[in-house]
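Every chain is numbered from 1 and lettered A, B, ... according to where its sequence line falls, protein lines coming before strand lines.
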Amino acid sequence: MLLIDVARVSEEVARTSSRLGKIRLLAELLGRVEAAESEIAIAYLSGELPQRQVGVGYRSLADLPDPKQVATMTLTEVDALLSRIKALSGAGSQAGRRALVAELFAGATSQEQSFLLRLLTGELRQGALNGVMVEAVAQASGAPAAEVRRALTLRGWLPAVGRAALFGGVEALRAFRIEVGRPVSPMLAQSAPSVTAALERIGGEAALEWKLDGVRVQVHRSGEAVTAFSRTLDDITAQVPELVEAVRALPYDDLILDGEVIALRPDGRPQPFQVTASRVASRTDVERARRETPLSVFFFDALRLCGADLLDLPGAERHAALADAVPEALLTPRLVTADPAAGEEFFTEAVRRGHEGVVVKSPHTPYTAGRRGAGWIKVKPRHTLDLVVLAVEWGSGRRRGKLSNLHLGARDPRTGGFVMLGKTFKGLTDELLEWQTRRFLELADGPADGWVVRMRPEQVVEVAFDGVQRSPRYPGGMALRFARVLRYRHDKRAEEADTVDSVRALMP
DNA sequence: TTCCGACAGTGGGGTCGCAAT
DNA sequence: ATTGCGACCCCACTATCGGAA
């Protein structure tokens, strides 16, 4: 199959707003692809590369050769070139990679170039990723979507599942089963504003667990072989030897557990997230990193134990199996209750001890991997501040032509100026985007045609955020974590905004 | 007919490792 | 030694479609 066929369908999908229409278009193409190229087609049309990443991003694609007039490249040829690009490393690799990228784009028509550019930068923007592609695979193969979804849960990679469905049907899908050593898509959580609200959504008794501010891990053990995977299913075994040792020490040699690794201080309180993340990302001298910043592990779920798959069991039963197999010290602190007051107290205690909050879990739901079902609900405390908009950036994609991303500042009483604490684009409705584009152009202090539009510091905005962290980037040495807009404060002047001192008081 | 679950899109701060400067 | 870049750790929120109620 030619790349142009895929690029054309992608553009059609992007033009079609109906989800069913997108699915039809994708399914029609999947009906025409050969087995050998099916994984490539499925990957490209759900915005992925079979190579996962190839070391080419936005910056490496700045100037591209002229397009060809006639499309000739096959999917196989493109895939082979991308593999060669990925394989390049060592001195001079940048130049070699540039040359191969140029070769790739020189072989493409302008329509193909545009597709490749968006694919490589991860911004396909056709309104269809894995979720829609699952439906398309189902339609093209005739298999029920639920079967495709289940196979995807167990295999973790849609192109392989799609190929099996297209060329082996339901039987091939059913042949996928959980396999020790191959990661399963992790179960994700929704969020709620309070424990009471979360309990209400679940209805009746629920399990509450501390939400530790660390890195999610899924660990597999088969005999003495232990493998750890991150949330995106990358193999991080070498970075977390403490976890490997803890799992080897268990008296079970066939298991898959779900949990969190986190760096704790000697007094047992959690280190800032940055410390844990830095430790987990360190690969060059793990032994030294380990001496300086040891990791602890806490498990909260079991997907497989003693050769039995537990995915389909209710949460309460999976946890019972986990608690049987793992020492208390390795279990995430947990409370089972239906009482909102007891739940709120458990939440308050978790936060008092420095943790992120709690996750409220239904005792009934199976391990619904990869979907943000209502089985798990996270609850975190929320801070708010009234800050001043110092500048704003033009948006992209569906926000093109709108001023979108706000630069936020706190008042500095000592200088009379403002100290930038970060940016946010979250929480804005279309109506608000419309309004702020007009308003901020009025407040513009200098040219409005660049990427960033500087403003007179007059507009106050109420911002919610999860916490304050140390920042090497911003002048105050602090930045807000997960800031989002709640509302504009038309009743407040900039002189009444919150100060850097009130922000500093929130530093851990 | 209305409601709501799932999805996609739009980006945020921070860190590491590598290659180039 | 420093800088630029890609990748990936954490992530919140709104708009939209289409099936459920």
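For the residue pair A:Ser83/A:Gln51, the side-chain donor-acceptor check at 3.5 Å is satisfied. Side-chain atoms of A:Ser404 and A:Arg399 form a donor-acceptor pair, as typed in the model, at a separation below 3.5 Å. With 3.5 Å as the limit, one finds no donor-acceptor pair spanning the side chains of A:Tyr367 and A:Asp312. Defined by atom type and a distance below 3.5 Å, a donor-acceptor pair is present between the side-chain atoms of A:Gln126 and A:Ser10. Side chain to side chain, A:Arg470 and A:Gln274 fail the donor-acceptor criterion of an N or O pair below 3.5 Å. A side-chain donor from one of A:Thr196 and A:Glu344 sits under 3.5 Å from a side-chain acceptor of the other. In this structure, a donor-acceptor pair under 3.5 Å is present between the side chains of A:Thr232 and A:Ser230.
Using a 4.0 Å cut-off, no side-chain N or O of A:Gln126 falls inside it from OP1 or OP2 of B:dA8. Between A:Ser18 and C:dG18 there is a side-chain N or O to OP1 or OP2 distance below 4.0 Å. The side chain of A:Lys378 places an N or O atom within less than 4.0 Å of a non-bridging phosphate oxygen (OP1 or OP2) of C:dA12. Put simply, A:Ser60 has a side-chain N or O that comes within less than 4.0 Å of OP1 or OP2 on C:dG6. Between B:dG17 and A:Thr284, a contact under 4.0 Å exists linking OP1 or OP2 to a side-chain N or O. Within the 4.0 Å cut-off from OP1 or OP2 of C:dC11, at least one side-chain nitrogen or oxygen of A:Lys211 is found. A close approach under 4.0 Å does occur between a side-chain nitrogen or oxygen of A:Tyr474 and OP1 or OP2 of B:dG13. A:Arg481 has no side-chain polar atom (N or O) that falls below the 4.0 Å cut-off from OP1 or OP2 of C:dC11.
Taking 4.0 Å as the cut-off between side-chain N and carboxylate O, A:Glu462 and A:Arg487 count as a salt-bridged pair. With salt bridges taken as basic N to acidic carboxylate O contacts below 4.0 Å, one links A:Arg288 and A:Glu292. Salt bridge status for A:Arg382 with A:Asp466: absent, with no side-chain N to carboxylate O gap under 4.0 Å.
We find that CZ of A:Arg59 is positioned 12 Å from C1' of C:dT3, with the value rounded to whole Å. Here B:dG12 presents its C1' atom at 13 Å from CZ of A:Phe273, a figure rounded to the nearest Å. Residue A:Leu406 contributes atom CG, which lies 12 Å from atom P of B:dG13 at whole-angstrom precision. A:Glu48 has its CD atom 14 Å from the P atom of C:dA7, to the nearest Å. When the C1' atom of C:dG4 is taken as reference, atom CZ of A:Arg97 falls 14 Å away, rounded to whole Å. Going from atom CG of A:Leu486 over to atom C1' of C:dA12 covers 11 Å, rounded to whole Å. Counting to the nearest Å, the P atom of C:dC10 and the CD1 atom of A:Ile236 are 8 Å from each other. Spacing between atom NZ of A:Lys22 and atom C1' of C:dT16 amounts to 10 Å, rounded to whole angstrom units.
Nucleic acid contact for A:Ser93: sugar-phosphate only, since backbone atoms but no base atoms lie under 4.0 Å from a heavy atom of the residue. Counting non-hydrogen atoms under 4.0 angstrom, A:Ser191 reaches nothing in the nucleic acid. At a threshold of 4.0 angstrom between heavy atoms, the contacts of A:Ala479 are confined to the sugar-phosphate backbone, with no base atom among them. As judged by a 4.0 angstrom heavy-atom cut-off over every strand, A:Ser404 is placed among residues touching the sugar-phosphate backbone only. Counting non-hydrogen atoms under 4.0 angstrom, A:Val463 reaches nothing in the nucleic acid. At a threshold of 4.0 angstrom between heavy atoms, the contacts of A:Val485 with the nucleic acid are absent. Using a 4.0 Å heavy-atom cutoff across all strands shown, A:Asp234 reaches sugar-phosphate atoms only and no base atom. A:Glu123 comes within 4.0 angstrom of no nucleic acid atom, judged by non-hydrogen atoms across all strands. If you check every strand for non-hydrogen atoms under 4.0 Å, A:Val215 touches sugar and phosphate atoms only. Nucleic acid contact class of A:Lys380 (heavy atoms, under 4.0 Å, all strands): sugar-phosphate only.
Closest to the side chain of A:Phe482, out of B:dT10, B:dC7, C:dC11, is C:dC11. Side-chain atoms of A:Gln94 lie closest to B:dA20 of the nucleotides B:dT15, C:dC11, B:dA20. The side chain of A:Arg283 has B:dG17 as its nearest neighbour among C:dA15, B:dG13, B:dG17.
Helix bend of the helix from B:dA8-C:dT14 to B:dT21-C:dA1: the angle between its two end axes, each built from five pairs, comes to 20° after rounding to 10°.
With hydrogens and angles ignored, the 3.5 Å screen pairs no side-chain donor or acceptor of A:Thr293 with any backbone N or O of A:Arg290.
Aromatic ring pairs are classed by plane angle as parallel below 30°, tilted from 30° to 60° and perpendicular above 60°; the pair A:Trp435 and A:Tyr488 is tilted.
A heavy atom lying under 4.0 Å from DNA chain B marks none of the residues of residues 6-14 of chain A.
Summary of the strand contacts: A:Ala277 and A:Arg398 both lie near DNA chain B, and taking for each the nucleotide with the nearest heavy atom, the more 5' one is attributed to A:Arg398. Each of A:Leu421 and A:Ser278 was matched to the nucleotide of DNA chain B holding its nearest heavy atom; the match closer to the 5' end belongs to A:Leu421.
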